[in-house]
Amino acid sequence: MRIVVIGHGMVGSRVAADLAAADPQARLTVLGQEDHDPYNRVQLSSVVAGKADPAALALEQVGPERARVLRGVRAVRIDRASHLVHDELGEAHPYDRLVLATGSAARIPDVPGLRAPGGVAEESTLVDGVSPLKDLDDAERILRRCEGGGEVVVLGAGVLGIEVATGLAGRGARVTLVHHRERLMERQLDRDASEIVHGALETLGITVVTSASATRVDAPEGRLETVHLSDGSARPAGLLVLCTGTVPQTALAAAAGLECGTGVLVGEDLACPGDPDVFAIGDCAQPPEGASGLVAQGWEQARRLVESWRPRAQEASVPVPARGTGGDLVRVKAVGLALVTMGRIERPGPGLHAPRSVRLADPSGGRFTEVVVHEGRLVAATIVGDEDAAAELSAAFTLRTPVPRDPVHLLARPLAARAAAPAASVADMAEEDVLCQCNGVTKGSVCAAVAGGCGSTAEVSRATRAGTGCGTCRSRIQELLDASRDREPAPV
């Protein structure tokens, strides 16, 4: 079986590694546009904030003995009739099955002055001082421009925009965060929660401008100086970070005649409707359930694909990668601001069996909490400005532990601690409880890795994949490592 994977990012590298493990007879070829080895893009905002080392972002990848991996080589054409993928170096790669994991590109708004004269719609033509945050090169470019502080404008106040704004403000930059909607993070926050986040950001020294967009950029001699906004103001800036969303990379598929909507259309089996030998996963795909834009969905698609392709003789001997469960929980990695959303808060009419919700809004204290309870389970919540509540409610949500049927009890922590008893400490978790939500790794799997000789979070991550997503479970992995060392007998 000849398999070609186009894309070597978080999803492409995952599916290649899993395919190699599941089918030793498969002949794998992977084409990756970036020169880098695969790395954790979810942590790029933490790199910008100085909270993560780029060297620590490396992800698992398939070894050279199991696959031919071409880094920095772009696929330029798919010949479906001949089952060939042509690359930019002129080589043709035959396939029996083709996996598209081309991901997404940063959405670049059409703002006059944003691009260098004569430029086309590519990120490389942006004027000096303007950058999205989509890859490691972007992160390094942003860090170089904000050395020593300076004036920064961040365009877009979704999850990424807030993470970048707080990270750069923490480095001493004078940040203006501009959002085209009235509410910040409008997909996750209602008006009350957005206003409290707005106030918390200003407390951190960030100027927040809502209901405004960039109308023009002044960049004399190709170097950014001023960003003009639709409210009539002009913001001096040496750096403009574009956090304006992403666009699925479908051009290669569309040129090959594959049906595309917002992404490459696929069925439940992740195959393209017009070609059963071509599959698409991750950000470039448009599955029947819709695309979430979160890496957990792409990893789950990779798992499903590998499971469906596994040779029957291998089923008993090759483990199926764990199922990810973190798609409904969003932890914003904002420096100085606790912000977590989970599930979807809807406003149903009154009914005997309708979910019950209650909220606490404390604008002066910069806190907001709303919880939704249905049939004794926490099904949705929003927490702003309260780290302890975020940890407790996240545990109750992901572990699906019973909670009081009256949600008001969840807002009083002493009652919540007794009634819901979520696992605030990793020691309280059962072996079968999921410790890493992004990858569905249980506490028992992490403990087994530690017992097997893993002595650091990096080694545990390589052995189990725990901590390779959003990274918030690394502190719990470290707790287990510390507890294991405490139990070791003292040397004689």
Side-chain angles (χ1 to χ4, degrees), residues 3-16 18-19 30-34 38 41-42 74-80 83 85 95 97-109 121-123 132 134-135 156 158-160 186-188 243-309 321 323-330 343-344 438 469:
I3 302 173
V4 174
V5 178
I6 302 179
H8 197 218
M10 295 184 72
V11 175
S13 62
R14 171 67 64 91
V15 75
D18 286 349
L19 284 170
V30 183
L31 288 86
Q33 188 168 339
E34 287 189 73
R41 295 176 187 270
V42 179
R74 184 167 57 93
V76 296
R77 185 166 66 89
I78 300 170
D79 184 345
R80 292 165 52 205
H83 278 56
V85 174
Y95 68 85
R97 288 174 177 166
L98 172 62
V99 181
L100 300 175
T102 50
S104 60
R107 185 186 299 276
I108 308 299
E122 296 178 359
E123 294 172 17
K134 194 67 175 66
D135 57 35
V159 173
L160 180 61
E186 69 277 359
R187 291 184 180 181
Q188 295 89 7
C243 300
T244 47
T246 59
V247 181
Q249 302 222 63
T250 61
L252 192 65
L258 297 169
E259 189 176 355
C260 298
T262 54
V264 182
L265 291 177
V266 295
E268 293 287 348
D269 60 354
L270 301 170
C272 297
D275 193 330
D277 296 327
V278 181
F279 303 76
I281 58 176
D283 283 355
C284 71
Q286 183 180 341
E289 69 273 17
S292 70
L294 301 175
V295 71
Q297 183 182 37
W299 282 345
E300 167 62 12
Q301 291 168 345
R303 185 198 70 83
R304 286 164 47 199
L305 201 61
V306 171
E307 184 177 9
S308 66
W309 290 3
R323 191 185 191 100
T325 57
D328 293 329
L329 192 148
V330 177
R344 177 172 294 183
C438 295

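Quick caveat, the model's predicted, so the values are computed rather than measured. For reference, positions follow the sequence shown, starting with 1.
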A.B. asks: Nearest 0.5 Å, what's the CD1-NZ distance between I108 and K134?
C.D. replies: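 One gets 11.0 Å once the value is rounded to the nearest 0.5 Å.
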A.B. asks: Looking at every non-hydrogen atom in both residues, tell me the closest pair between G274 and R80 and how far apart they are.
C.D. replies: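 Where G274 meets R80 most closely, the heavy atoms are O-NH2, 3.3 Å.
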A.B. asks: With I78 as reference, evaluate V4, L252, D275, V278 under the side chain to side chain contact (heavy atoms under 4.5 Å, CB included) test and give the passing residue.
C.D. replies: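 Option passing the side chain to side chain contact (heavy atoms under 4.5 Å, CB included) with I78: L252.
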A.B. asks: Any donor and acceptor pair, going by atom type alone, linking the side chain of T250 with main-chain N or O of V264 inside 3.5 Å?
C.D. replies: no
A.B. asks: Which atom pair, heavy atoms only, marks the closest approach of V15 to G12?
C.D. replies: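 So the minimum-distance heavy-atom pair works out to CG1-O, 3.3 Å.
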A.B. asks: Among V99, V85, L31, which residue meets the side chain to side chain contact (heavy atoms under 4.5 Å, CB included) test with V5?
C.D. replies: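 Output: one option passes, namely V99.
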A.B. asks: Atom CG of D18 and atom CG of L305: how far apart are they, to the nearest 0.5 Å?
C.D. replies: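 Atom-to-atom, D18:CG and L305:CG are 10.0 Å apart.
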A.B. asks: Any side-chain to backbone donor/acceptor pair from Q301 onto G282? Under 3.5 Å, distance only.
C.D. replies: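 Side chain of Q301 to backbone of G282: a pair is present.
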A.B. asks: Taking all non-hydrogen atoms of both residues, which atom of G7 and which atom of V30 are closest, and how far apart?
C.D. replies: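 Smallest heavy-atom distance, with atoms named: O-CG1, 3.8 Å.
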A.B. asks: Identify, with sequence neighbours excluded, every residue that meets salt bridge (charged side-chain N to carboxylate O under 4.0 Å, His left out) alongside R97.
C.D. replies: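 Once residues adjacent in sequence are excluded, R97 has no partner under the salt bridge (charged side-chain N to carboxylate O under 4.0 Å, His left out) criterion.
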A.B. asks: Does CD belonging to Q33 count more than 12 external heavy atoms closer than 6.0 Å?
C.D. replies: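 Counting neighbours around CD of Q33, 12 or fewer heavy atoms of other residues, nucleotides or ligands fall under 6.0 Å, so no.
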A.B. asks: Please test R304 against E307 for salt bridge (Lys or Arg N to Asp or Glu O under 4.0 Å), starting from the C-alpha separation and ending with a verdict.
C.D. replies: CA-CA 5 Å; R304 286 164 47 199; E307 184 177 9; over 6 Å; no
A.B. asks: For the SG atom of C243 and the CZ atom of R107, what is their distance to the nearest 0.5 Å?
C.D. replies: 13.5 Å
A.B. asks: List the atom of T244, the atom of P109, and the distance in Å for their closest heavy-atom pair.
C.D. replies: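 Looking at all heavy atoms of both residues, the closest pair is OG1-CD, 3.6 Å.
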A.B. asks: Got a donor-acceptor contact below 3.5 angstrom from the Q297 side chain to the S292 backbone?
C.D. replies: yes
A.B. asks: Could you walk me through whether V295 and R41 pass the side chain to side chain contact (heavy atoms under 4.5 Å, CB included) test, one step at a time?
C.D. replies: CA-CA 9 Å; V295 71; R41 295 176 187 270; over 6 Å; no
A.B. asks: What are the two closest non-hydrogen atoms of C260 and A254, and how far apart are they?
C.D. replies: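 Looks like SG-N, 3.9 Å.
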A.B. asks: Could you check whether any side-chain N or O of T102 sits under 3.5 Å from a backbone N or O of C284, counting only pairs where one atom can act as donor and the other as acceptor?
C.D. replies: no
A.B. asks: Within this structure, what is the CG-CG distance for the pair L100 and L270, rounded to the nearest 0.5 Å?
C.D. replies: 11.5 Å
A.B. asks: Kindly state each residue pair satisfying ring pair (Phe, Tyr, Trp, His ring centres under 6.0 Å) with at least one member in residues 269-303, sequence neighbours excluded.
C.D. replies: F279-W309
A.B. asks: Can you give me the closest heavy-atom contact between A280 and A285, atom names plus distance?
C.D. replies: O-CB, 3.5 Å
A.B. asks: With a 4.5 Å limit on heavy-atom distance, are the side chains of P248 and Q286 in contact?
C.D. replies: no
A.B. asks: Under the salt bridge (Lys or Arg N to Asp or Glu O under 4.0 Å) rule, what pairs show up with a residue in residues 243-271, not counting sequence neighbours?
C.D. replies: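 Qualifying pairs, neighbours excluded: none.
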